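First the structure, in the form of structure tokens, and then the observations on it.
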There are 2 protein chains.
Amino acid sequence: MEMLDPLLHQPLRTQLAAFLAGAGEATFSELKRQLDVSDGNLDSHLKKLIAADYVNVRKDDSAARTQTCYALSPTGRAALQNYILALQKLLTMDNPEPSAPAKRRETKMKAA
Amino acid sequence: MEMLDPLLHQPLRTQLAAFLAGAGEATFSELKRQLDVSDGNLDSHLKKLIAADYVNVRKDDSAARTQTCYALSPTGRAALQNYILALQKLLTMDNPEPSAPAKRRETKMKAA
DNA sequence: TATTGACACTCTGTTTTACAGAGTTATATA
DNA sequence: TATATAACTCTGTAAAACAGAGTGTCAATA
């Protein structure tokens, strides 16, 4: 059975990835606002995505405060595509043999 | 932001729900085979779905061994539908303002 | 230029979740 | 009757999610 990328298949991270896919790039605070999540939790999930090279980090010195910008990497974008495909496949499975009991050895009826 | 049902948004449970949606009903062992998961793990995930009334349990005495059949309840079916809709909404978000920095107070350039 | 405040993170500890494997009961088969 | 096996269930451990406190930096004000 098709496996769902556990890195993406988690509420917060799915939303994170989806948001980044749409937004292109976002700062820590933007993500925090969007996802309405605690600092620590956002940090830990971002770290996971960064560790897997799903997310790129870019320090932006142009603004008054140095900002850290997060964005989906090509790897992350591909993983997300793949993940969406897996979901579609899984959730539109129309007929996986209606309750086919797989091979099972003959079962005798309970003694009558 | 739309929340993804954490009960369904977990690799094993998503697959469980998807499989049951397609198969109608399945025994413990069938699920175990399909999902390739340990007994204990399957049990704990099933328990969660049952506790939430997403899954119905039916004891079937007609077979040689009393079999326990698991199936999606109406609640579960509705939750799954809802979940799929939420996913679609989330994953096709086409333009959530490309990196719009939300309102932020005026920032002066770093002293030149 | 010291002070206060707020923003942007990061670190640490606690709670919750996922998981594997051992244990239990009951039914076949030898 | 003994042995094996299917169908669960229980329990302990490992991993993940999470909140909040801590740290450093900038910037506005006095």
Side-chain angles (χ1 to χ4, degrees), chain A residues 3-17 25-52 55 57-70 101-112, chain B residues 3-17 25-52 55 57-70 101-112:
Chain A
M3 198 43 190
L4 294 170
D5 185 341
L7 230 97
L8 291 178
H9 201 64
Q10 194 279 339
L12 207 52
R13 288 194 298 267
T14 305
Q15 301 200 56
L16 218 72
E25 213 180 42
T27 66
F28 189 88
S29 312
E30 242 173 294
L31 293 173
K32 192 158 107 82
R33 271 192 299 274
Q34 284 292 331
L35 306 176
D36 189 36
V37 69
S38 70
D39 296 28
N41 202 17
L42 176 56
D43 180 63
S44 81
H45 285 295
L46 275 175
K47 276 204 181 2
K48 266 168 213 182
L49 294 175
I50 293 164
V55 162
V57 183
R58 185 178 66 86
K59 293 280 174 187
D60 178 6
D61 290 354
S62 72
R65 278 153 193 263
T66 301
Q67 294 252 272
T68 310
C69 290
Y70 301 92
K103 64 185 166 232
R104 176 176 336 198
R105 73 189 189 313
E106 287 300 297
T107 52
K108 293 193 183 101
M109 284 297 149
K110 247 192 225 289
Chain B
M3 197 43 189
L4 295 169
D5 186 341
L7 230 97
L8 290 178
H9 201 64
Q10 194 277 339
L12 207 53
R13 288 194 298 266
T14 306
Q15 301 200 56
L16 218 72
E25 212 180 41
T27 66
F28 189 89
S29 312
E30 241 175 293
L31 293 173
K32 193 158 105 83
R33 271 192 298 275
Q34 284 292 331
L35 306 177
D36 189 36
V37 68
S38 70
D39 294 29
N41 202 17
L42 176 55
D43 179 62
S44 82
H45 285 295
L46 275 174
K47 276 203 181 2
K48 266 169 212 180
L49 294 174
I50 292 163
V55 162
V57 183
R58 184 178 67 86
K59 294 278 176 190
D60 178 6
D61 290 353
S62 73
R65 279 153 194 262
T66 300
Q67 294 252 271
T68 310
C69 290
Y70 301 92
K103 63 182 168 240
R104 175 174 336 196
R105 73 190 190 313
E106 287 301 298
T107 53
K108 292 192 184 101
M109 284 297 150
K110 248 189 212 317

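Keep in mind that this is a model prediction, so the values were computed, not measured. Throughout, a chain's letter reflects where its sequence line sits, starting with A, and its residues are numbered from 1.
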_Expected output: side-chain A:R58 to main-chain A:C69 donor-acceptor under 3.5 Å_ = no
*asked:* Just to verify, what does A:D39 make a side-chain hydrogen bond (donor to acceptor under 3.5 Å, both in side chains) with, not counting sequence neighbours?
replied: A:K32
*Passes side-chain contact (heavy atoms from CB on, under 4.5 Å), A:F28 versus A:T68? Steps please.*
CA-CA 7 Å; A:F28 189 88; A:T68 310; 5.8 Å; no
*asked:* If I compare all heavy atoms of B:I50 with all of B:Y70, which pair ends up nearest, and what's the gap?
replied: CD1-CE2, 4.0 Å
*Using whole Å, report how far CG of B:L12 lies from C1' of C:dC19.*
10 Å
*Write down the distance between NE2 (B:H9) and P (D:dA16), rounded to a whole number of angstrom.*
16 Å
*Evaluation steps, side-chain contact (heavy atoms from CB on, under 4.5 Å), between B:V57 and B:L46*: CA-CA 10 Å; B:V57 183; B:L46 275 174; over 6 Å; no
*Measure the distance from CZ on A:F28 to C1' on D:dT25 and round it to the nearest whole Å.*
16 Å
_Distance, rounded to the nearest Å, where A:L35 contributes CG and C:dA8 contributes P_ = 15 Å
*asked:* Does C:dC9 have its OP1 or OP2 closer than 4.0 Å to a side-chain nitrogen or oxygen of A:T68?
replied: yes
*Which letters describe nucleotides 11-18 of chain C, given B = protein heavy atom under 4.0 Å from base, S = only from sugar-phosphate, - = neither?*
B-----SS
*Using atom NZ of B:K59 as one end and atom P of C:dT27 as the other, report the distance to the nearest whole Å.*
12 Å
*When you check the phosphate oxygens OP1 and OP2 of C:dA8, does a side-chain N or O of A:S29 lie under 4.0 Å from one of them?*
yes
*Could you check how far CG of A:L42 sits from P of C:dT10, rounded to whole Å?*
10 Å
*Shortest non-hydrogen contact between A:A17 and A:L8, atoms and distance*: CB-CD2, 3.9 Å
*Take the protein atom CE of B:M3 and the nucleotide atom P of D:dA17, then report the distance between them rounded to whole Å.*
12 Å
*What integer distance in Å separates A:R58:CZ from C:dC9:P?*
12 Å
